[in-house]
Amino acid sequence: MNAEYQVHSVEETWELARQFAAELSPGAVVALEGDLGAGKTTFTQGFAAALGAQRAVTSPTFCLVVEHPTPKFLLVHMDLYRLHGPDDVLDLGWEDYLARGAVLFVEWPDRAGDLMPPDAWHVELSLGADEDARLIRFRRGT
């Protein structure tokens, strides 16, 4: 799914996330990249809903990690913005989550440094021409 898409609504973002959900298997890591307000949490909401998560998805900014059990796998939404580096990320249970086959959605992935696997998915979200428009780019690998 290495591609670029223009979406014009939350619903279109969720539909793209639903399609992406079909691509992932347990143990995947997804680097969510984009400025504040670019739609990282909105994309995660659509992904979680597509997998049948029961808990509402909100930004994990203040709690750093939020688990969303789904029938397919555990979705772990992480916000690393306030962390200082890989050692702090390890303290969140990074290795344990991966060993359990969780799928990690990671906001501010640069804080994870070398912990980000070379085959991680990168989903870059940026603001579009109008208020609801977003450009969403998918690529796999470094």
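- Leu36 and Leu127 fall into different hydrophobic clusters, where Ile, Leu, Val, Met, Phe, Trp and Tyr are joined by side-chain heavy atoms under 4.5 Å apart, directly or via other members.
- Checked by atom type and distance alone, the side chain of Trp108 never pairs as donor or acceptor with a backbone atom of Met78 at under 3.5 Å.
- Here Glu15 contributes atom CD and Glu11 contributes atom CD; the two are 11.0 Å apart, rounded to the nearest 0.5 Å.
- For the residue pair Leu125 and Lys40, the shortest heavy atom distance occurs at CD1-CG, 3.9 Å.
- Follow the hydrophobic side-chain contacts under 4.5 Å out from Met116 and you reach Val76 in the same cluster.
- Clustering ILVMFWY residues whenever any of their side-chain heavy atoms sit less than 4.5 angstrom apart, transitively, puts Trp14 in a cluster other than the one holding Val30.
- In terms of modelled atom types and a separation under 3.5 Å, the side chain of Asp130 and the main chain of Ala133 share a donor-acceptor contact.
- The distance from atom CD of Glu33 to atom CZ of Arg139, rounded to the nearest 0.5 Å, is 5.5 Å.
- Nearest heavy-atom pair across Gln45 and Val57 is NE2-O, 2.9 Å.
- No side-chain heavy atom of Leu80 sits under 4.5 Å from any side-chain heavy atom of Asp88.
- Residue Asp119 qualifies as enclosed at atom CG: its count of foreign heavy atoms under 6.0 Å is above 12.
- At least one side-chain heavy atom of Ser126 sits under 4.5 Å from a side-chain heavy atom of Arg137.
- Considering every non-hydrogen atom in both Thr70 and Ala53, the closest pair reads CG2-CB, 3.9 Å.
- Here the closest non-hydrogen pair linking Ala21 and Ala50 is CB-CB, 4.2 Å.
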Contacts under 3.5 angstrom, residues 90-105 side chains, donor-acceptor by atom type, not counting sequence neighbours:
unit_1 : atom_1 : unit_2 : atom_2 : d
Asp96  : OD2    : Arg100 : NH1    : 3.3
Tyr97  : OH     : Glu67  : OE2    : 2.7

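- Formation of a donor-acceptor pair under 3.5 Å by the Arg134 side chain with backbone atoms of Ala38 is found in this model.
- Trp121 and Phe20 have perpendicular rings, their planes meeting at more than 60° on a 0 to 90° scale where under 30° would count as parallel.
- Taken to the nearest 0.5 Å, the CZ atom of Phe138 stands 11.5 Å off from the CD atom of Glu124.
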Next item on the list: Show the numbers, then the answer: is there a side chain to side chain contact (heavy atoms under 4.5 Å, CB included) between Asp132 and Val10?
Entry: CA-CA 7 Å; Asp132 292 326; Val10 168; 5.6 Å; no
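- If you chain together hydrophobic residues whose side chains sit under 4.5 Å apart, Leu115 and Val65 fall into the same group.
- Counting heavy atoms from C-beta on, the side chains of His77 and Thr41 come closer than 4.5 Å.
- The nearest pair of heavy atoms linking Ala17 to Gly46 is CB-C, 3.7 Å.
- Under the 4.5 Å side-chain contact rule for hydrophobic residues, Leu16 and Leu32 share a cluster.
- Taken from OG1 in Thr44 to NE2 in His68, the straight-line distance is 8.0 Å, to the nearest 0.5 Å.
- In terms of modelled atom types and a separation under 3.5 Å, the side chain of Lys72 and the main chain of Ser25 share no donor-acceptor contact.
- Minimum heavy-atom separation, Glu12 to His8: OE1-N, 2.8 Å.
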